[in-house]
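Both backbone and side-chain heavy atoms feed into the values below; hydrogens, waters and symmetry mates do not. Everything numeric here is computed off the predicted structure, so don't read it as measured data.
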Amino acid sequence: MTQPTSRSISEILRENVFTLFNGILTVCFVAVIVLGDLRDGFFYGVVVVNALIGIVQEVRAKVVLDRAALLAAPESRVKRDGAVETVALAEVVLDDLLVLRPGDQIPADAVVEASNGLGLDESLLTGEADPVLKDEGDQLLSGSHVVSGTGYATVTAVGADSYASRLTSEIRKHSLVRSELRDATNRILVYLSWILGPVIVITIIGRILTYGGFATLGQNGRWRRALLDAVASVVGMIPEGLVLLTSLAFGVAAIQLAARKVLVQELAAVEVLARVDVLCLDKTGTLTSGELAFDHIESLGDVVAPADAEAALAAFGADDAGNATAGILSRHFQSDTLVVERRIPFSSATKFSGVVFSVGGVRSSWLLGAPERLLGEHPEQLARANTVAATGQRTLALVRALDPLPTEPHASIRGVRVEPAQLVVFEESVRPAARATLGYFRKQAVRVVVMSGDNPVTVSAIARTLDLNGEAVDASTLNGDAELAAALQTSDIFGRVSPEQKRTAVGILREMGRTVAMTGDGVNDAMAIKDADLGIAMGTATPATKAVSRIVLLDNRFDRLPDVLAFGRRVIANVERVSNLFLAKTVYGILLALVSAVMLWPFPFLPRQLTLVSTLAIGIPSFVLALARNRRIYTPGVLRRILTYSIPTGTIAAIACVVAYLPLYRSIPLPEARSITTVTLFCVSLWILCVLTRPLSWPRLLLLAGVVAAMVLVCVLPGPSEFFMMRIPLSPELLWGIGVGVVGAAGIEVFYRFARRRGLVFDRE
């Protein structure tokens, strides 16, 4: 099994086929079949094509995303035959000995065999927010994850119900990413569902009354004309491609990002980065490569013998469940003579780990961790550690404890006397593209906040190389949320940030009305990533961190984020643009249905004529525009702008059709009156399209020219003109229809210029 990153095939089919609009149009199509002229059922081809495109696009996105998800699939460490192996979670079997470290998911029910301060987050299963400490013999629940300490556990139950993807599904079930586009589309659909029912009833009654009422409906085929008018009225109201184009834009962006090694775990997350105005970053693994390399050790005096210090480093390295630092030490320091008696696991709260071991029967206790936590009573050695850290290198202090170490996990060592032994220095390289990426976000008015658990001196040094100004704030000195909130007002660089402070900082920024993205790779980033508007995990992140993120940078390249921002902006701007096209059609469709019903007029169009206009002036162009490049900076208020633009433009189109049709349907044959009114509607719809394609590049001018050419060919070629019943006489009535259409187009232009000044429409990209 793999963690779910997309909807199932059945969900895709259901949501593309069984929709309200498809149901209404299917009823209309059945009515057309009853009438016997399938040419008026041409609109149903749009329904079929829309459904097929939606299904194919989403299945394609599913395949691409599921394949990419394999690269981000969580793994587990197990000890088999005395050797530690890394296996996929699905390959964990009964009686396996799990090697547990911070950030690991529990893949199956298990029992603790050994615990070194093992703490689990079981909040999704029990509702308990605080970490639960586990001792030997305690049960571990699948779906929880390790937040502190280390340990071993024997698997007691496996199966689909205990597979750790349940953690991912539960997290996403309770915290879907907020998408303004999705919210706007859903609200539009709700509004339309309220309106369509009464309008359809009024339309049907109006059609019956127009053709003589119920008493004469069966005479001379009047029921056929009434039913045809009703179908045409309803077809004009339905924005059949709106939902499709929204999902199409999301899906295509997700596929293109997957090709760039960016896994989008929820399609709507593509949009969110375009709305982000604060980007919170962890230093290690994000701004830096995250791949520590041992550089050197530096003596802090001659009190501790170098051989004893190296034995201590070997003891720290000889830990199967140790962190990355322990793994590096194990490659440089080994000892076959030491016997480890007890370990104190590293904690993000205490910033150190400990070990008690003996060599030749001589026992000693050691601590390895943050210099400011271990060298507080030794100012000269602490100053030396800060000098090394100021070069940007990661620096740890190794000290020997002269007093017994605490037995409780995560306990303070206040009162424990120590002897400074060595500084252990690691090299950590800055990502080559980090400076350019941060510069890009600054130009895009996105505030960058660095929150690291590292030494503030080291964080400041790294920040300076990336052109981030200011000294790092030592978050460990901040007391309470109020001081953290005040620091966030004045500083963008923080060191010694605890996991709780990261989470609190994200909450404070969101309370300020900011849209926050959080990146990271360690377990200490997981809860902040979950609480952010958009969580972004590196490809090498812990399983827990990947599980709560919405986007995973599979190749660990931080410089992929500008691509995500660009695609998000394209989705928002283009979907807003094409939504105006569809909703303008719905507005004039509703108004024309009501006016013709109240005035007892034959409806101004045949169903096929409305389909012709909507296909040429809306359907085909909208697919092109939905996928066009668009770098417009996000501006809140998408739904308000769509409604305040599409309602007036749709009203202008409806008025133009009424004005054109009013003198025609009594003076010339109805087929000719409908054909000329169709030309009027096309002129106005063309200008709505023209306005929304601005700025007019050569490709867009060719698009508009192609639309016009297609309409002209339909009107003049015998076959298409007969199919669409476009019987257009070269007469003053035609000039009247074209003239009204031109005036309507001028009205659209006037409103567009007004709307642009009021910020209701954008023509800059």
Could you check Q489 against M512 for side chain to side chain contact (heavy atoms under 4.5 Å, CB included), going step by step and ending with a plain yes or no? CA-CA 10 Å; Q489 297 280 4; M512 293 178 181; 3.5 Å; yes
After noting the C-alpha distance and the side-chain angles of Y440 and L565, does the key distance pass the side chain to side chain contact (heavy atoms under 4.5 Å, CB included) rule? CA-CA 11 Å; Y440 171 83; L565 178 63; 3.4 Å; yes
Show, in sequence, the C-alpha distance, side-chain angles and deciding distance for F605 and L592, and conclude whether the side chain to side chain contact (heavy atoms under 4.5 Å, CB included) test is met. CA-CA 10 Å; F605 312 98; L592 289 174; 3.6 Å; yes
Show your working on side chain to side chain contact (heavy atoms under 4.5 Å, CB included) between T651 and L591 and close with a plain yes or no. CA-CA 7 Å; T651 302; L591 292 177; 3.7 Å; yes
CA sep, side-chain torsions, deciding dist, call: T649, Y588, side chain to side chain donor-acceptor pair (under 3.5 Å): CA-CA 8 Å; T649 53; Y588 69 65; over 6 Å; no
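Across all their heavy atoms, L279 and V276 have their closest contact at N-CG1, 4.4 Å. Annotation for T437 and A433: closest pair OG1-O, 2.8 Å, computed over non-hydrogen atoms. S622 and V578 make their closest contact through O-CG1, 3.5 Å (heavy atoms, listed as atom of the first residue, atom of the second, distance). Between A628 and N574 the shortest heavy-atom distance is O-ND2, 2.6 Å. R570 approaches A249 most closely through the heavy-atom pair NH2-O, 4.5 Å. For the pair T615 and P621, the tightest heavy-atom approach, listed with the atom from each and the gap, is O-CD, 3.8 Å.
Taking the side chain as every heavy atom from C-beta outward, L534 and I536 approach each other to under 4.5 Å. A heavy-atom distance below 4.5 Å is not found between the side chains of R700 and L704. The shortest side-chain heavy-atom distance between V564 and I551 falls under the 4.5 Å cut-off. Under the 4.5 Å side-chain criterion, counting only non-hydrogen atoms from C-beta, I618 is not in contact with L689. Side-chain contact check for T515 versus V278: every heavy-atom pair is 4.5 Å or farther apart. In this structure, E576 and I642 have side chains that are in contact, with non-hydrogen atoms separated by less than 4.5 Å. Side-chain atoms of K261 and N556, non-hydrogen and from C-beta on, never get closer than 4.5 Å to each other. The side-chain heavy atoms of D563 and Q256, taken from C-beta on, include no pair separated by under 4.5 Å.
Atom CD1 in I529 sits 7.0 Å away from atom OG1 in T519 (nearest 0.5 Å). For the atom pair L625 CG and N580 CG, the distance stands at 11.5 Å (nearest 0.5 Å). Note that SG of C657 and CZ of F682 are 13.0 Å apart. Values are rounded to the nearest 0.5 Å. Separation of atoms CD1 (I508) and CZ (R514) is listed at 13.5 Å; rounding is to 0.5 Å. With rounding to the nearest 0.5 angstrom, the CD1 atom of I590 is 11.0 Å from the NZ atom of K585. Atom OG1 of T611 sits about 13.0 Å away from atom OH of Y44, to the nearest 0.5 Å.
Using a 4.0 Å cut-off between charged nitrogen and carboxylate oxygen, R260 and D555 do not count as a salt-bridge pair. Between R694 and E749, at least one side-chain nitrogen of the basic residue sits less than 4.0 Å from a carboxylate oxygen of the acidic one, meeting the salt-bridge criterion. Salt bridge present: D492 and R447 bring a charged side-chain N and a carboxylate O closer than 4.0 Å.
Listed by chain and number, the residues in a side-chain contact (heavy atoms from CB on, under 4.5 Å) with V708 are L686, V712 (sequence neighbours excluded). With sequence neighbours left out, the side-chain contact (heavy atoms from CB on, under 4.5 Å) criterion links I652 to I748, F751. Listed by chain and residue number, D533 satisfy the salt bridge (Lys or Arg N to Asp or Glu O under 4.0 Å) test with R510 (two or more places apart in sequence, or in another chain).
Heavy atoms from other residues, nucleotides or ligands lying under 6.0 Å from CZ of R442 number more than 12.
Side-chain N or O atoms of R431 include none that pairs as donor or acceptor with a backbone N or O of L287 at under 3.5 Å.
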